[in-house]
A.B. asks: 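Take this structure first; my questions come after.
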Amino acid sequence: MMIKTLGVHIRGFVRESVMTPIFMILEVIMEMLIPILMAMMIDNGINGDSENKMGYILMIGGLMIICAALALFSGAMGAIYGAKASAGFARNLRQAMFERIQTFSFANIDKYSTAGLVTRMTTDVTNLQNAYQMILRICFRAPVTLIVATTMTMIINLRLASVYLIAVSFLSVILVFVLKKTRRYFTQVFEKYDELNASVQENVSSIRVVKAFVREDYENKKFNRAANNLYRLFVRAEKMIVSVSPVMMLTMYASIIAISWFGANMIVGGDLTTGELTSMLTYCMNILMSLMMLAFIFVMITMSLASAKRIEGVLNEQSTLTNPENPDFEVKDGSIDFENVYFSYNETAEKPVLNNISLSIKSGETIGIIGGTGSSKTSLVNLIGRLYDVTGGCVRVGGKDVRTYDLETLRDEVSVVLQKNVLFSGTIYDNLRWGNENATEEECRRACELACADEFISAFPDGYNTKIEQGGTNVSGGQKQRICIARALLKKPKILILDDSTSAVDTATDARIRKAFANEIPNTTKIIISQRISSVENADRIIVMDDGCISGVGTHEELVKSNAIYSEIYAAQTGGSGDFDRKGEA
């Protein structure tokens, strides 16, 4: 299954994958001919009775040079084709993983940490790339060398060749034992890589907070712990692997001594020639070096198996959200209906995040949602664009169950400005056109005017061509929020969701944005999640959330009078404390 999953990504580099072992086998054949030619030169040329010894030696020497040149050429071509095949395989794997991740639902993404996905696309793929190149080159070269060299020694002298068979059998047992021991270490290593990457990612992305709280020493210690854990596992694995080397060298030299001893006695007895002994010793080196190469490739394969399983997991991961067989490609309007909705992030959770939610929102209405931290405000709106599927009940948009729509069609009509605003590297125009890649400059400017962003953008020296650094670190929180709102408006959605997306904007600007929405996009359903009463008090209706349930629905005036939670939030914000994050407050 794993081979099938990963093997399809060799496409485009099948020719290189075939040519590499062909050239490696050709290299081995040329190398294996050289000891035979050397034996012929010694026995028939140097020690022979021929009158033209020098001519014979030159002829055999010329053939040896040709064989060496062909072996060199074959080895070089094998290396070139192997590099192309392995690099192409790695490129295809990374592309396939990235494309698969793009299909993931939020539930799928929650399953993998960001650091874990980064490790899979970098360290794990690099391990597979190196292993694949070694497989194409060494895994063909070493066994062929082992077989051909062993066969040649048997042809020369079967009794003397038995020394090789004993050595090979002994080393094979040692290799199997060591590789079984090291495999579990390498499986653990990549889990520690995830921890290391997580530490780096968290530190770099939050470097301002780290410096503001002078936590550099703490972060250094945390990173050192992760690095030391990785170090200890690698040392354990390497100790096992290194232990093979002296055993192999001892076996190699013992084999050479044994062959020299028995071979010399055979020469004296006339059962072996000097040239044959020389070729036997050469083949001995070839056989044992092949075994060492096989040991190395087995280590690489052991490491890559752990990586392969992690990559296979991502490639075979199926999105929890899929299109129906015959999806709807048109959203009639921005009406929203929640009917007895239950939702849990984990199916085994004891208590649902949303509990029996029933709610009807008309197209074009402005709805405010308010509640304390953890009251499931964001979870509620995530179901509208089908970022998650309901656990029970039904969510309808435009009168149809969201699960009947084509996902892309639905999400094009539901524009969300998330709680955590994200800008990407590129110009302001580039970021705005995430909402509509074909938007004109006039459309971009108009969206920014509605979001109260045009004024500060125009004040930049490069205006809308100002470069945004990664993550939007060169603009303020309020500026980032307004650019994100403008980006959402460019989609011209039927439903616009603002998830606490004006929290970094002053109240006056917040009011201007809401007024612009009311005047310019009256037919768009607007859902405003906020912690501030001022952001939602002019909404057509306000939903008060408490512990995954709807505590109350009504206008500002109605809720102040009838809903205890809302009235306490209002009193807290107008009375001065502003602390409404406790149970029964906000």
Side-chain angles (χ1 to χ4, degrees), residues 101-112 114 319-323 331 334-347 349 351-361 365-398 400-422 434-435 481 484-485 487-488 491 493-503 524-531 536 542-550 553:
I101 291 167
Q102 300 307 304
T103 69
F104 283 179
S105 66
F106 279 19
N108 293 114
I109 293 171
D110 291 342
K111 181 178 176 180
Y112 297 94
T114 303
S319 176
T320 57
L321 303 179
T322 56
N323 274 342
V331 179
S335 62
I336 306 166
D337 294 289
F338 289 82
E339 183 179 325
N340 304 122
V341 168
Y342 290 85
F343 172 69
S344 296
Y345 289 104
N346 189 335
E347 292 181 359
K351 182 181 177 182
V353 175
L354 293 171
N355 190 3
N356 196 23
I357 300 293
S358 292
L359 177 69
S360 182
I361 300 172
E365 264 194 301
T366 298
I367 300 294
I369 301 179
I370 199 165
T373 302
S375 58
S376 304
K377 303 183 296 295
T378 299
S379 299
L380 180 72
V381 297
N382 278 342
L383 301 177
I384 298 171
R386 208 185 166 202
L387 299 178
Y388 292 95
D389 267 343
V390 296
T391 306
C394 174
V395 178
R396 295 188 181 89
V397 169
K400 296 179 180 178
D401 191 324
V402 291
R403 290 168 291 194
T404 66
Y405 286 112
D406 171 69
L407 273 172
E408 188 174 332
T409 300
L410 176 65
R411 290 175 183 171
D412 271 341
E413 298 295 354
V414 180
S415 195
V416 183
V417 184
L418 297 170
Q419 201 168 15
K420 184 179 179 181
N421 298 286
V422 177
W434 271 68
Q481 285 186 337
C484 289
I485 291 171
R487 180 174 66 188
K491 289 181 72 174
K494 288 185 170 65
I495 299 170
L496 175 64
I497 300 171
L498 304 179
D499 186 358
D500 207 16
S501 53
T502 56
S503 57
T524 297
T525 303
K526 297 165 282 293
I527 299 176
I528 303 169
I529 299 175
S530 182
Q531 298 282 1
V536 299
I542 301 168
I543 301 168
V544 183
M545 297 292 297
D546 180 42
D547 197 24
C549 299
I550 294 178
V553 180

A.B. asks: Is any side-chain heavy atom of Ile357 closer than 4.5 Å to a side-chain heavy atom of Ile550?
C.D. replies: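 Yes, their side chains come closer than 4.5 Å.
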A.B. asks: Check whether any side-chain N or O of Tyr388 sits under 3.5 Å from a backbone N or O of Phe343 as a donor-acceptor pair, and report yes or no.
C.D. replies: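 No.
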A.B. asks: How long is the gap from CD1 on Ile528 to CG on Asp499, to the nearest 0.5 Å?
C.D. replies: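 Going from the CD1 atom of Ile528 to the CG atom of Asp499 covers 11.5 Å.
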A.B. asks: Can you name the residues that form a side chain to side chain contact (heavy atoms under 4.5 Å, CB included) with Lys494, not counting sequence neighbours?
C.D. replies: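 Counting only residues at least two positions away or on another chain, Lys494 forms a side chain to side chain contact (heavy atoms under 4.5 Å, CB included) with Val331, Glu413.
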A.B. asks: With rounding to the nearest 0.5 Å, note down the distance linking CG in Asp547 to OG in Ser376.
C.D. replies: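 Rounded to the nearest 0.5 Å, the CG-OG separation comes to 7.0 Å.
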A.B. asks: To the nearest 0.5 angstrom, please state how far the CD1 atom of Ile370 sits from the CD1 atom of Ile529.
C.D. replies: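 Output value for this atom pair is 11.0 Å.
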A.B. asks: Could you report the tightest heavy-atom contact between Arg386 and Leu410, atom names first, then the distance?
C.D. replies: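 Shortest heavy-atom separation between Arg386 and Leu410 comes out as CB-CD2, 3.8 Å.
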A.B. asks: Specify the closest pair of heavy atoms between Asp500 and Ser530, including all atoms of both residues, with the distance to one decimal.
C.D. replies: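 The pair with the smallest heavy-atom distance is OD1-CA, 3.8 Å.
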A.B. asks: Do Arg487 and Ser415 come close enough that some side-chain heavy atom pair is under 4.5 Å?
C.D. replies: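 Heavy-atom side-chain distance check fails, nothing below 4.5 Å.
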A.B. asks: For Ser344, is there any backbone N or O sitting under 3.5 Å from a side-chain donor or acceptor partner on Thr391?
C.D. replies: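 Here the side-chain-to-backbone pair exists.
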A.B. asks: Report yes if the side chains of Gln481 and Val417 come closer than 4.5 Å at any heavy-atom pair, otherwise no.
C.D. replies: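 Side-chain contact under 4.5 Å: no.
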A.B. asks: Please walk me through it: do Gln531 and Thr373 pass side-chain contact (heavy atoms from CB on, under 4.5 Å)?
C.D. replies: CA-CA 9 Å; Gln531 298 282 1; Thr373 302; 4.0 Å; yes
A.B. asks: If you take all heavy atoms of Gly372 and Ser375, which pair is closest and at what distance?
C.D. replies: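 Of all heavy-atom pairs spanning Gly372 and Ser375, the closest is O-OG, 2.7 Å.
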A.B. asks: To the nearest 0.5 Å, how far apart are CG in Leu321 and CZ in Phe104?
C.D. replies: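 Answer for the CG-CZ pair, Leu321 versus Phe104, is 12.0 Å.
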A.B. asks: How many angstroms lie between atom NZ of Lys377 and atom CG of Asp546, to the nearest 0.5 angstrom?
C.D. replies: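 The distance works out to 10.5 Å.
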A.B. asks: Test side-chain contact (heavy atoms from CB on, under 4.5 Å) on Ser379 and Tyr345; report intermediate values, then the result.
C.D. replies: CA-CA 9 Å; Ser379 299; Tyr345 289 104; 2.6 Å; yes
A.B. asks: Hey, does Leu380 have a side-chain heavy atom less than 4.5 Å from the side chain of Phe338?
C.D. replies: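 Side-chain contact under 4.5 Å: yes.
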A.B. asks: Is any side-chain heavy atom of Met545 less than 4.5 Å from a side-chain heavy atom of Leu354?
C.D. replies: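 They are in side-chain contact.
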A.B. asks: State, with a plain yes or no, whether a side-chain heavy atom of Lys526 is found less than 4.5 Å away from one of Leu498.
C.D. replies: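 No; the side chains remain at least 4.5 Å from each other.
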A.B. asks: Enter the distance from Asn323:CG to Asp406:CG here, rounded to the nearest 0.5 Å.
C.D. replies: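 Answer for the CG-CG pair, Asn323 versus Asp406, is 4.5 Å.
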A.B. asks: Applying side chain to side chain contact (heavy atoms under 4.5 Å, CB included) between Ile495 and each of Ile361, Val381, Ile384, report the one that passes.
C.D. replies: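 It is Ile384, the one option of Ile361, Val381, Ile384 that forms the side chain to side chain contact (heavy atoms under 4.5 Å, CB included) with Ile495.
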A.B. asks: Nearest heavy-atom pair of Thr525 and Ser335: which atoms, and what distance?
C.D. replies: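 Scanning both residues completely, I find the closest heavy atoms to be OG1-N, 4.3 Å.
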A.B. asks: Do the non-hydrogen side-chain atoms of Val395 and Val341 ever get within less than 4.5 Å of each other?
C.D. replies: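 When only atoms from C-beta onward are counted, Val341 and Val395 do touch, with a gap below 4.5 Å.
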A.B. asks: Would you call Val390 and Tyr342 a side-chain contact if the rule is heavy atoms closer than 4.5 Å?
C.D. replies: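 Not touching, per the 4.5 Å side-chain cut-off.
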A.B. asks: Has Arg411 got a side-chain atom pairing as donor or acceptor with Gly385's backbone, closer than 3.5 angstrom?
C.D. replies: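 At least one qualifying donor-acceptor pair exists.
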A.B. asks: Could you tell me which non-hydrogen atom of Asp401 sits nearest to which non-hydrogen atom of Cys394, and how far apart they are?
C.D. replies: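 What the structure gives for the nearest pair is OD2-SG, 3.3 Å.
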